[in-house]
Amino acid sequence: MRLFLTLAWRNIWRHRRRTFIVILAIGMGLALMMFYDGFVAGFEQAIYANAVKVLGGNIQVHAEGYKAQASQTPLLPMENDQSVVSAAEAQPQVLAASRRINTGGMASNREGAFPVAIIGIEPSKELPVSLVAQRVTQGRFLADDERDVIYIGQGLASAMDVTIGDRITLVGRAAHNQMRRHTMTVAGIYDVGLREIEKRSVYMSLAEAQYLYGLDGQSTEVAISLEQLGQEPIVMEALGPSLNGYEIGSWETNFPEMEAAINSKSAVMDIFSVIIMVIAGIGILNLLLMAVFERTREIGLLGALGLKPGQITTLFLLEGAMMGVVGLLFGIALGLFFNGLLMQVGLDYSKFASITEYTALICGRIYPTWGVEKLFMRSITVLIIAILAAYYPAREAARHEPAEALHFV
Amino acid sequence: MIQLFKIAYRDLGRNRRRSFFSALALGMGLSLLLLMAGVLTGEMRGSMETTILLQSGHLQVRALSYDEDKTSLAWDDLIANPDQVTAQLASLPQVLVATPRLFATGIAAEGDESVGVRVIGIDPTSEANRPYRLGMVSGNFFAADDREGVLLGQTLAEKLNLKTGDEVYLLVNTAGGDIAEQLFTIRGIYSTRTPGFDGSSIFMPLDKAQAITQTNNHASTIFILLKEREQTASVAAALQGNDYQIETWEQTNELILQTEQMANAYIYVLYLIVLAITATVIVNTLVMAVYERTREIGIYAAMGMKGWRIMAMFFAESLLLALGGLVIGLILGGLMTLYATYVGFYIGDMGITGMLFGERIYAYLTMKDVISLSITTFIVSLLAALYPAVLAAQLEPVEALRGGK
């Protein structure tokens, strides 16, 4: 085998120029895929990082059955939310675990009406970890058990043309099939620079939400803040056994539409990448066909020396695979270089914030990652196509009759 | 000249397999480009057409202070006596249909669940409702004097688990900034095959919508469809200067146009890469041909053939190869695009509400794209032949005769 590898390696470099062109094609194809993967990952990261930062909590715990209706924010109280909080706080990575009530509603005044998410929070617990709480621009943040006041974002304040002390009508869904309407006073306004998100949420104290929406002493969510992004899987794993009968999820599970969108675009891109690689593979095929023809006498010699047809096939397959590997390495280098450049610049996506609920979380530019998320799968694809492309010429080579091939001029 | 092509043709024939595979690579490249162009154009065009038909119309007439993002219902922000204004607009020769509509923000609730919705008051008799009438999946369209009936989109009905005949609790904002609530009966369920629209729109007869929102005889907008989209600018110009704001479909759908621009920019990068990869295959094939025929080229040169003629020979080869590739590409790409045009791709619900996309994307390939992409591919493959052709022309006759190196 050693010998075959050496032989194949030397053979592919006999015509540097040709080999290099084939490698260029494979490399460009792979770099393109890495750019796409890096961009998608950057897009997801930007959204999730902002979701954690702005909407709060790296991990959310809900009562069972919540996920299935997540887009309607069901009012499903948790059986024993205090035990969830203490279980979470026992984990070393957890900064804070706070109870919340999420419900759907609408804020209205004479300026118009806006669908909003109504979020009941524990102010004293959220203050140290919540960006929303810290970025007060007018008035003040909420206090524990405070009644009849809300805390809104600059986006909603400008849209409704309200300021501190103004009153707006808030309707929210309460438990037991009821809607609850209440007039509330604006206590404070925050600014996190994400107007679309600010426009879609209203904060009040947990006590107020419990009273308004008929969940005495209960809550629908425990939001867990961690020291760092990326610790989610460890903490979720650790929490799993102690929180039986609850649904534990990070932000990824909260945007099912985004997953769907990314998955279907990625499926198209996967097909696309295979076609591109096949085109590059034709380069390998042609090159090896030519090589078989050029090396007819040599193949005859190998045959005369006692190499079996199978071994000759292997030699050519190895050459194809090697070109694939070198192309792969070149492509990775190219892709890393390209994504590294883009990381400095970023891509402006701010215009598209209002398209969906999840893109509202993008502020300004998106920075791609290195694009290595799917590299393993992409590499395997490249190798398989390279070997398949080499198969036909390899069979061709093995078919030569040694004696005839030796006489070939 | 003819002789040149004859030689080129025969040279290609000397290595049929290789020539075929090179043309195939080129053809695959071209067909990929055609498919990409077709899908992108189809996606954006479909989105624009859907949006115009369902939501924006070609033109909208609104009160000067109306702000689409706020769905205000204050009387100052609305059009008074909409019927009168509509009648005037409908009498214009370019106008296909004009109808008043009222928009309110609301919540639809059923059991423990609720969804934010957009309540749209429509004139049930108007022709502009055609897409909703045609899309009725169950029940019937309501009558103008229906005081308790609403129509729900299929996506919304599924979210709330409702069917025709069920009751749904609706809350909507009112002119005074307050909120009104009432129980409605679902007369029917429609589907426009656009999840972003069907998931959030509830229809109500205009009279009832005005009553519940306390906007007596006012409308948010007059929705206008023209006979020809191209007439939009001229009609808008003619209407300008009144006491209303006139919004064209380009203004209301700026986001779609921006998205299209961005997508086009991205797709040019993709084109470039696909073409570059395709070009490498051509370069390689011809470089190999040059090496293979080094002695032959030496003989030509020794016989007195000029460098440019040798170059021309290789160009002719590349030209034929490119033509073959074009034919393969047009057939392959044509078939793929045809499939995508008539069967389409299912994309489902991506949560996109800021723009309307159907649940299926259908390709739409314009002649302009076919011609420009074919020409581009052709030119790129000729450019790719430049390097091998120069290589051939530069061979020293004496050395080449010996087999060169």
Side-chain angles (χ1 to χ4, degrees), chain A residues 15 17-18 21-22 24-25 28-29 32 69 71-72 74-76 103-106 108-116 159-160 169 171 173 175-177 179 181 255-258 260-261 264 268 272 275-276 278-280 282-283 285-287 289-290 293-294 351-352 354-359, chain B residues 17-18 21-22 24-25 28-29 32 36 67 69-74 104-107 109 111-117 159-160 169 171-174 176-179 181 255 258-259 262 270 273-274 276-278 280-281 283-285 287-288 291-292 345 347-355:
Chain A
H15 294 279
R17 213 179 328 216
R18 284 182 209 170
I21 294 171
V22 167
L24 192 70
M28 280 194 294
L32 174 69
Q69 307 169 331
S71 60
Q72 284 97 277
L75 271 185
L76 276 178
T103 188
M106 177 164 78
S108 91
N109 69 354
R110 270 192 66 82
E111 282 294 312
F114 303 86
V116 290
M160 299 188 78
T169 307
V171 180
R173 185 183 63 256
H176 320 299
N177 302 352
M179 300 300 293
R181 175 170 24 161
F255 297 118
E257 289 102 350
M258 179 161 117
S264 74
V268 173
F272 187 83
I275 299 182
I276 285 193
V278 169
I279 296 177
I282 289 180
L285 178 89
N286 268 349
L287 193 149
L289 266 183
M290 171 80 187
F293 181 73
E294 264 177 351
K351 270 188 230 159
F352 306 98
S354 65
I355 293 182
T356 63
E357 209 175 309
Y358 45 86
T359 45
Chain B
R17 270 189 311 209
R18 194 167 71 199
F21 281 121
S22 307
L24 184 68
M28 281 172 65
L32 198 59
M36 272 158 54
D67 181 346
D69 295 333
K70 296 188 182 181
T71 54
S72 157
L73 288 166
T105 306
I107 298 178
D112 271 343
E113 293 169 34
S114 68
V115 178
V117 293
K159 258 193 228 168
L160 292 175
Y169 199 62
L171 292 96
V172 292
N173 66 322
T174 67
D178 206 354
I179 283 162
E181 42 196 301
L255 190 64
Q258 281 174 349
T259 309
M262 186 190 67
L270 284 182
I273 294 177
V274 172
I277 293 174
T278 312
T280 60
V281 176
V283 174
N284 229 356
T285 308
V287 166
M288 287 191 287
Y291 277 99
E292 218 172 34
F345 300 107
I347 58 162
D349 188 357
M350 294 192 180
I352 299 171
T353 49
M355 270 194 293

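So you know, we letter chains A, B, ... as the sequences are listed, proteins then strands, and number each from 1.
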Which distance, rounded to the nearest 0.5 Å, do you find between the CG of B:Asn284 and the CG of A:Leu285?
->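 Answer for the CG-CG pair, B:Asn284 versus A:Leu285, is 11.5 Å.
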How far does CG of B:Leu171 sit from CE of A:Met179, to the nearest 0.5 angstrom?
->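 Going from the CG atom of B:Leu171 to the CE atom of A:Met179 covers 4.5 Å.
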Does the side chain of [Y] come within less than 4.5 Å of [X]'s, by heavy atoms?
| X | Y | answer |
| --- | --- | --- |
| A:Phe114 | B:Asn173 | no |
| A:Arg181 | B:Glu181 | yes |
| A:His15 | B:Tyr291 | no |
| B:Thr280 | A:Val22 | no |
| B:Ile107 | A:Pro115 | no |

Of A:Leu32, A:Leu24, A:Ile279, which meets side-chain contact (heavy atoms from CB on, under 4.5 Å) against B:Ile277?
->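 Among A:Leu32, A:Leu24, A:Ile279, the one meeting side-chain contact (heavy atoms from CB on, under 4.5 Å) with B:Ile277 is A:Ile279.
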Might you point out which heavy atoms bring [X] and [Y] nearest each other, and give the distance in Å?
| X | Y | result |
| --- | --- | --- |
| B:Thr105 | A:Met106 | O-SD, 3.5 Å |
| B:Phe21 | A:Ile282 | O-CG2, 3.3 Å |
| A:Gly104 | B:Ser114 | O-OG, 4.4 Å |

Using non-hydrogen atoms only, which part of [X] is less than 4.5 Å away from chain A: side chain, backbone, both, or neither?
| X | value |
| --- | --- |
| B:Ile179 | both |
| B:Val117 | neither |
| B:Ser22 | both |
| B:Asp67 | neither |
| B:Ala276 | both |

Under 3.5 Å, side chain of A:Ser108 to main-chain N/O of B:Gly177, donor-acceptor pair present?
->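 Such a contact is found between A:Ser108 side chain and B:Gly177 backbone.
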Keeping the roles fixed (side chain from B:Ser72, backbone from A:Gly112), state whether a donor-acceptor pair exists under 3.5 Å.
->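 No: the side chain of B:Ser72 does not pair with the backbone of A:Gly112.
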With a 4.5 angstrom heavy-atom cut-off, could you sort out which part of A:Leu289 is near chain B: side chain, backbone, both or neither?
->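 Contact with chain B: side chain only.
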Do you know which of B:Asp178, B:Val274, B:Leu24 has the most heavy-atom pairs under 4.5 Å to chain A?
->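 The candidate making the most pairs under 4.5 Å is B:Asp178.
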Under 4.5 Å, counting heavy-atom pairs only, tell me which of B:Thr285, B:Val283, B:Leu270, B:Val287 racks up the most with chain A.
->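 Greatest number of close heavy-atom pairs with chain A: B:Leu270.
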What residue, out of A:Leu75, A:Val171, A:Thr103, has the most heavy-atom pairs lying under 4.5 Å from chain B?
->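 Of A:Leu75, A:Val171, A:Thr103, A:Val171 has the most heavy-atom pairs under 4.5 Å with chain B.
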Apply side chain to side chain contact (heavy atoms under 4.5 Å, CB included) to B:Arg18 and A:Phe293, showing your working.
-> CA-CA 11 Å; B:Arg18 194 167 71 199; A:Phe293 181 73; over 6 Å; no
Would you check, one step at a time, whether the test side-chain hydrogen bond (donor to acceptor under 3.5 Å, both in side chains) holds for A:Arg173 with B:Tyr169?
-> CA-CA 11 Å; A:Arg173 185 183 63 256; B:Tyr169 199 62; over 6 Å; no
